[in-house]
Amino acid sequence: MNTGLQGKVVLITGASKGIGRAIAQALAEEGVRLALCARDERELKLATDQIQYHTKADIIAVKANTTKLNDIRRFVAATAKKFNRIDILINNAGGAHIGGIFQTTDEDWEYHIQLKILGYIRMAREVIPHMKKNGGGKIINIIGTAGKEPNPLYIVPGVTNSALINFTKSLSKELEPDKIFVNSINPGTTDTPLTIETFNALAKILQKTPDEIRQSIVEHSPRGYIASPDDIAKVVVFIASDAANFINGVSLNVDAGKILGLC
């Protein structure tokens with residue numbers, strides 16, 4: 001299938017590892033030009049070098065922390081200067097906090113609101129003028145199923161993710177006249193370094209081992225295993241492609257059907 005992605009300029013936040021890294025690799029294989037950011041400069045360079053080696057993609061990598069507005073502006077400005085356009089934004093940077101209300105400090109709330117909610121909002125706000133100038137674009141928010149299935153141990157990601165699902169739908173309607181389509185993808189449990197941290201935190205709270213936590217999640221997966229980052233990346237490629245040009249304002253679960261909600 002011709003995805004229509006050849007030559008498009010794609011920004012990806014949190015691109016040095018996990019889902020972001022897999023998305024970058026998958027899109028590079030489709031011939032896009034990439035702008036990648038992450039907080040860890042060493043990990044970002046390693047990911048960039050590996051992607052370029054395998055795909056020969058044209059890539060700019062910028063160390064940036066998306067909790068900081070000046071870093072976001074610097075990342076977007078560097079991308080526009082190098083490529084002279086922005087076609088697609090993949091909002092992916094995020095973290096995980098495990099625990100209920102009494103295991104969550106004000107500092108925890110403030111950090112994750114800055115990172116996940118305001119980071120996504122600010123990134124979108126900075127790229128939208130470039131997309132309007134081009135006559136359209138796509139914004140894809142990588143969120144998570146915690147926003148659709150409340151769980152007291154996932155109170156922080158539940159709140160931030162549900163807010164971003166609302167943001168995705170609202171922004172899709174606002175930008176519809178500008179031919180900028182906004183969708184979200186909600187991964188279920190995915191085998192990433194961040195998920196390992198989550199298993200470790202759950203193990204402490206539930207007084208189990210991380211392996212026991214992993215095994216329990218595997219046993220409750222409809223597929224009988226945990227998704228890989230590549231499973232998520234393939235869906236991102238589809239939503240970013242011309243094949244999905246009539247999809248807008250959608251919040252798509254990629255969890256093998258585990259979540260029971262209607263939407």
Query raised in the report: Should Leu202 and Leu153 be marked as a side chain to side chain contact (heavy atoms under 4.5 Å, CB included) after you check the CA-CA gap, both sets of side-chain angles, and the distance that decides it?
Result: CA-CA 8 Å; Leu202 284 171; Leu153 291 179; 3.9 Å; yes
Report task. Begin from the C-alpha positions of Asp230 and Lys234 and carry the test salt bridge (charged side-chain N to carboxylate O under 4.0 Å, His left out) through to its verdict. Result -> CA-CA 6 Å; Asp230 289 341; Lys234 291 171 185 174; over 6 Å; no
Report task. Apply the test side chain to side chain contact (heavy atoms under 4.5 Å, CB included) to residues Thr192 and Lys17: give CA-CA distance (whole Å), side-chain angles for both, the deciding distance (0.1 Å), then the verdict. Result -> CA-CA 8 Å; Thr192 68; Lys17 52 190 174 181; over 6 Å; no
Query raised in the report: Are Lys258 and Thr145 close enough, and set up right, to give a side chain to side chain contact (heavy atoms under 4.5 Å, CB included), and what steps lead you there?
Result: CA-CA 9 Å; Lys258 184 178 179 182; Thr145 55; over 6 Å; no
Query raised in the report: How far apart are the C-alpha atoms of Ile51 and Arg21, what are their side-chain angles, what is the distance that settles it, and do they pass the side chain to side chain contact (heavy atoms under 4.5 Å, CB included) test?
Result: CA-CA 9 Å; Ile51 293 169; Arg21 166 70 175 77; 3.6 Å; yes
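For the side-chain contact (heavy atoms from CB on, under 4.5 Å) with Ile12, the qualifying choice from Val236, Ile142, Ile23, Ile88 is Ile23, the only one to do so. Shown are Arg74, Arg73, Lys68; of these, the salt bridge (Lys or Arg N to Asp or Glu O under 4.0 Å) with Asp71 is made only by Arg74.
By the 4.5 Å heavy-atom criterion applied to side chains, Ile226 and Val218 are counted as neighbours. Taking 4.5 Å as the limit, some side-chain heavy atom of Asn161 sits within range of a side-chain heavy atom of Lys116. Residues Met131 and Ile139 have side chains in contact (heavy-atom distance under 4.5 Å, counting atoms from C-beta outward). Contact annotation: the side chain of Glu212 never approaches that of Gln215 to less than 4.5 Å [non-hydrogen atoms, C-beta and beyond]. Side-chain contact between Glu126 and Phe75: absent, with no pair of heavy atoms (C-beta onward) separated by less than 4.5 Å. Here the side chains of Val76 and Arg122 are not in contact, with every heavy-atom distance at 4.5 Å or above. Contact annotation: the side chain of Thr198 approaches that of Tyr154 to within less than 4.5 Å [non-hydrogen atoms, C-beta and beyond]. The shortest distance between side-chain heavy atoms of Leu5 and Val237 falls below 4.5 Å.
Note: Glu149 CD to Ile259 CD1 = 3.5 Å, rounded to the nearest 0.5 Å. Atom CG of Asp49 sits about 9.5 Å away from atom CG of Leu44, to the nearest 0.5 Å. Note that the CD1 atom of Ile140 and the CZ atom of Phe238 stand 10.5 Å from one another [nearest 0.5 Å]. Atom CE in Met123 sits 11.0 Å away from atom CG in Leu69 (nearest 0.5 Å). Note: Ile98 CD1 to Asp108 CG = 11.5 Å, rounded to the nearest 0.5 Å. For the atom pair CG (Leu252) and CD1 (Ile143), the distance works out to 11.0 Å, reported to the nearest 0.5 Å.
A donor-acceptor contact shorter than 3.5 Å links the side chain of His97 to the backbone of Gln103. Panel note: side chain Arg33, backbone Val9; no donor-acceptor pair is recorded below 3.5 Å. Not one N or O on the side chain of Thr3 forms a donor-acceptor pair closer than 3.5 Å with the backbone of Ser241. Not one N or O on the side chain of Asn134 forms a donor-acceptor pair closer than 3.5 Å with the backbone of Gly136. The backbone N or O of Tyr120 lies less than 3.5 Å from a partner atom in the side chain of Asn91, making a donor-acceptor pair. No donor-acceptor distance shorter than 3.5 angstrom exists from the side chain of Gln25 to the backbone of Ala22, with no hydrogens or angles considered. Counting only distance, with no hydrogens or angles, the side chain of Asn65 and the backbone of Arg39 share no donor-acceptor pair below 3.5 Å. For Lys148 (side chain) and Ser251 (main-chain N/O), a donor-acceptor pair under 3.5 Å exists by modelled atom type. At least one donor-acceptor pair under 3.5 Å links the side chain of Asn183 to the backbone N or O of Ile247.
At most 12 non-hydrogen atoms from other residues, nucleotides or ligands lie less than 6.0 angstrom from CD of Gln207. The environment of CD in Glu41 is sparse: at most 12 heavy-atom neighbours from other residues, nucleotides or ligands sit within 6.0 Å.
One hydrophobic cluster holds both Ile239 and Val127 under the rule that ILVMFWY side chains link at heavy-atom gaps under 4.5 Å. Residues Ile155 and Ile165 are members of separate hydrophobic clusters, defined by side-chain heavy-atom contacts under 4.5 angstrom among Ile, Leu, Val, Met, Phe, Trp and Tyr. Phe199 and Val156 are assigned to two separate hydrophobic clusters, defined by single-linkage of ILVMFWY side chains at heavy-atom distances under 4.5 Å. Residue Ile128 is grouped with residue Ile117 when hydrophobic side chains (ILVMFWY) are merged at heavy-atom distances under 4.5 angstrom, including chains of intermediate members. The hydrophobic clustering, which links ILVMFWY residues whose side-chain heavy atoms are closer than 4.5 Å, places Val250 and Phe181 apart.
Ion pairing of Asp58 with Lys82 is present here, as a side-chain N (NZ or NE/NH1/NH2) and a carboxylate O approach within less than 4.0 Å.
For Glu110 and Gln114, the side-chain atoms include no donor-acceptor pair closer than 3.5 Å. Under 3.5 Å, the side chains of Asn141 and Thr168 contain a donor-acceptor pair of N or O atoms. Asp231 and Thr190 form no side-chain donor-acceptor contact under 3.5 Å, judged by distance and modelled atom types alone. Between Ser170 and Asn166, the side chains place a donor N or O and an acceptor N or O closer than 3.5 Å (distance only, hydrogens not considered). Between the side chains of Lys138 and Asn245, at least one donor N or O lies within less than 3.5 Å of an accepting N or O. Inspection of the Thr209 and Asp211 side chains reveals no N or O donor paired with an N or O acceptor under 3.5 Å.
Here the closest non-hydrogen pair linking Gly95 and Leu115 is N-CD2, 3.5 Å. Across all their heavy atoms, Ala24 and Leu34 have their closest contact at O-CD1, 3.5 Å. Minimum interatomic distance between Gly249 and Ser172 (heavy atoms only, all atoms of both residues): CA-OG, 3.3 Å. Smallest separation of non-hydrogen atoms from Ala78 and Val62: CB-CG2, 4.2 Å. Across every non-hydrogen atom of Ala93 and Thr66, the tightest pair is CB-OG1, 3.6 Å. Nearest heavy-atom pair, Ala47 versus Ala15, reported as atom, atom and distance to 0.1 Å: CB-O, 4.2 Å.
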